[in-house]
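One structure is given here, and the rest of the page talks about it.
Values in this document were obtained by computation on a predicted structure and should not be read as measured data. All values below were derived from every heavy atom in this structure, side-chain atoms included, with hydrogens, water molecules and symmetry-related copies excluded.
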Amino acid sequence: MGSTPDFGRRDLIKRSAALGLITVPAMSVLSACASGGGDDDTKKVDKGEKTAKNPLAVNASAPLDVVIFDGGFGQQYAKDAEAEYTKAFPKTKGKVKHAATQKIQTVLQPRFNGGTPPDLVDNSGAEQMDFGTLVGKNQLTDLTPLLDSPSLDDPNKTVRETLRPGVVEMGQFDGKPVWILYYAYTVYGVWYSKTNLAKLDAEYPETWDDMLKVCEKAKKKGVAGWTYPGKFPYYLPFSLYPFIAKIGGRDVLDSIDNLEPNAWKNPAVKAAFEAYYELYKKGYILRGTPGLTHIESQTAWNEGKALFIPNGSWVENEAKKTTPKDFQMAVGAPSSLDKSDKLPFGTLWASGGEPFIVPKAAKNPQGGMELLRIMLGEKSTKNFVQQVSSLSSLNGGTDGLTLPPGLSSAQQVLEKAGKNVVNPRLQDWYVTLQKQQIGVGALGEMMAGRMTPAEAIKKCQKFADATAKDDAVKKYKHV
């Protein structure tokens, strides 16, 4: 469900992980891929001359091999960036090989096995290759040289310094090396319609008391306060996790990510769970929500049956077929629980998506990194934003553009958040724990009224402890 163009331009890797599309077979396949000569430098092209305009020492006449995931973002943005690459290195004209597929793993498995992977891969979609295995088997190029090189538009700034908060960290697994460059940028939160709130003579509630008041007002008008993908309740953390961080500080989320004992028993978790459970207890959840898919819940929301939905910024494009023209889609940061919250209102979850990798056995890794440098330039970024209605990981790149309402709102809340942006890693590091166990097994049960907050917290801790003790699961920690 996250790998076809029809579902919209969005953070596809996270959607794939969330919907269970990164499967165990993918890991076993990549274990086989690990045999493909990652340390063999004999097949690599010679480096070029390092200059101010060529800081990565790209071979100006060497071929470049690129494979793009042909999903919700399409592939034209990459083709356009490749054209810029050819302009920068005219001798590569006709030598840039571009391929697009929705079957990344199927197409690339033989190439990894044979030690002949592409120079740059957009590793996304239903057949996304498992990052933990790729990193663990030393199959990826450390992108630190790219991050420390001068940015395309301002040589006084490194590429690293032009990126949005959390992008570099998301590409790290153990220590300082950066194995992945997330090109898109997703803003998570509580999504709503300004038009529908205005019908209730209400504004987005900045406190939880006001949230409950708005929901009660809506209920009297026959409108639910909230809905969510009940069949995929791991959407709930998109607003719940930053709510927890806001209440107790970002260290609470870090301890959860680190699988620390009793992390889920933190008072901030208890307070957040009880607040969300109150939505159920007071009848503010759209009837039938536990049985809805992500598309069905978004459609009901677009139809005005519910005011709020936890989601990511892909929703604007994904739901555009059912969104009224006067909907005025917007996103809000989690409401404040009370004055004792550790972080201010505006704190939200935002992070990179659409992951690009440079295989270690690539023949032209410098060329792969240079294409990423071009993609992170203002020209390519604006082209991406206009084509796919998504922010990129470049911190900016939207000046002078007319953004659709949802994307414009996402940009505004990001600016308001400033440094108060959190990036939980549980869904990247431990997919099964986050999706099936915590999402379906605990949060979904709680929000359907089949489990109390205390019971849900106990379940979450039990699942986390089991993962921590499982020697078959690679462990990661915040650095």
Side-chain angles (χ1 to χ4, degrees), residues 13 30 33-34 36-48 50 54-59 62-69 75 78 81-82 84-85 88-89 92 95-101 104-105 107-109 111-124 128-149 151-152 158-160 163 167-168 170-173 175-184 352-377 380 392-393:
I13 177 177
L30 261 293
C33 291
D39 293 317
D40 184 5
D41 289 332
T42 60
K43 297 179 181 179
K44 296 187 184 301
V45 302
D46 294 332
K47 291 184 179 180
K50 184 175 181 179
N54 186 12
L56 292 169
V58 174
N59 184 319
L64 183 68
D65 190 351
V66 182
V67 175
I68 297 294
F69 171 67
Q75 54 177 304
E82 290 160 12
E84 294 298 316
Y85 182 92
F89 305 101
T92 64
K95 296 181 181 180
V96 177
K97 180 182 178 182
H98 175 99
T101 180
I104 293 292
Q105 181 179 287
V107 170
L108 294 185
Q109 175 191 345
R111 299 189 61 182
F112 270 81
N113 286 344
T116 59
D119 302 314
L120 183 64
V121 179
D122 173 14
N123 182 32
S124 191
Q128 171 216 21
M129 297 181 288
D130 183 81
F131 286 113
T133 303
L134 286 168
V135 173
K137 298 297 183 179
N138 195 28
Q139 293 294 290
L140 301 182
T141 297
D142 179 8
L143 301 179
T144 298
L146 163 67
L147 296 172
D148 291 342
S149 67
S151 63
L152 197 68
T158 64
V159 170
R160 185 190 301 269
L163 299 178
V167 173
V168 171
M170 282 196 71
Q172 295 173 320
F173 280 68
K176 294 183 179 180
V178 180
W179 308 111
I180 307 159
L181 193 288
Y182 288 85
Y183 186 59
E354 205 64 13
F356 279 77
I357 56 175
V358 175
K360 190 167 187 180
K363 291 183 179 179
N364 187 6
Q366 285 75 30
M369 287 191 282
E370 177 64 19
L371 181 54
L372 282 174
R373 195 173 79 98
I374 289 171
M375 289 170 62
L376 288 167
S380 292
S392 87
S393 288

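For Y183, the ring-ring contact (aromatic ring centres under 6.0 Å, His included) test picks out F384, with sequence neighbours left out. With sequence neighbours excluded, the residues that form a side-chain contact (heavy atoms from CB on, under 4.5 Å) with V96 are L64, E82, Y85, T86, T92. Legend: residues meeting side chain to side chain donor-acceptor pair (under 3.5 Å) with D65, ordered by chain and number and at least two apart, are R111. Annotation: side-chain contact (heavy atoms from CB on, under 4.5 Å) contacts of N59 (sequence neighbours excluded): V45, D46, S61, A62. Residues meeting the side chain to side chain donor-acceptor pair (under 3.5 Å) test with Q366, sequence neighbours left out: none.
Judged by distance alone, with hydrogens and angles left aside, the side-chain atoms of N364 form a donor-acceptor pair with the main-chain N or O of P63 at under 3.5 Å. For D142 (side chain) and P177 (main-chain N/O), no donor-acceptor pair under 3.5 Å exists by modelled atom type. Using modelled atom types, no side-chain atom of S149 and backbone atom of L56 make a donor-acceptor pair closer than 3.5 Å. Not one N or O on the side chain of S393 forms a donor-acceptor pair closer than 3.5 Å with the backbone of G352.
R373 CZ to L146 CG: the interatomic distance, rounded to the nearest 0.5 Å, is 8.5 Å.
Here the closest heavy-atom approach between residue E354 and residue S124 is recorded as OE1-OG, 3.3 Å. Of all heavy-atom pairs between N123 and M129, the closest is OD1-N, 2.8 Å. Listed here is the closest heavy atom pair of V121 and P359: CG2-CG, 4.1 Å. Here the shortest heavy-atom pairing between L134 and F112 reads CD2-CE2, 3.9 Å. Nearest heavy-atom pair, K44 versus A362, reported as atom, atom and distance to 0.1 Å: NZ-O, 2.8 Å. In plain terms, the two heavy atoms of K50 and P55 that are nearest each other are CE-O, 3.2 Å.
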Margin query: Show, in sequence, the C-alpha distance, side-chain angles and deciding distance for T141 and K360, and conclude whether the side chain to side chain contact (heavy atoms under 4.5 Å, CB included) test is met.
Written below: CA-CA 4 Å; T141 297; K360 190 167 187 180; 4.3 Å; yes
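Between L181 and L163, some side-chain heavy-atom pair lies under the 4.5 Å cut-off.
Identified under the salt bridge (charged side-chain N to carboxylate O under 4.0 Å, His left out) test for residues 113-123, with sequence neighbours left out: none.
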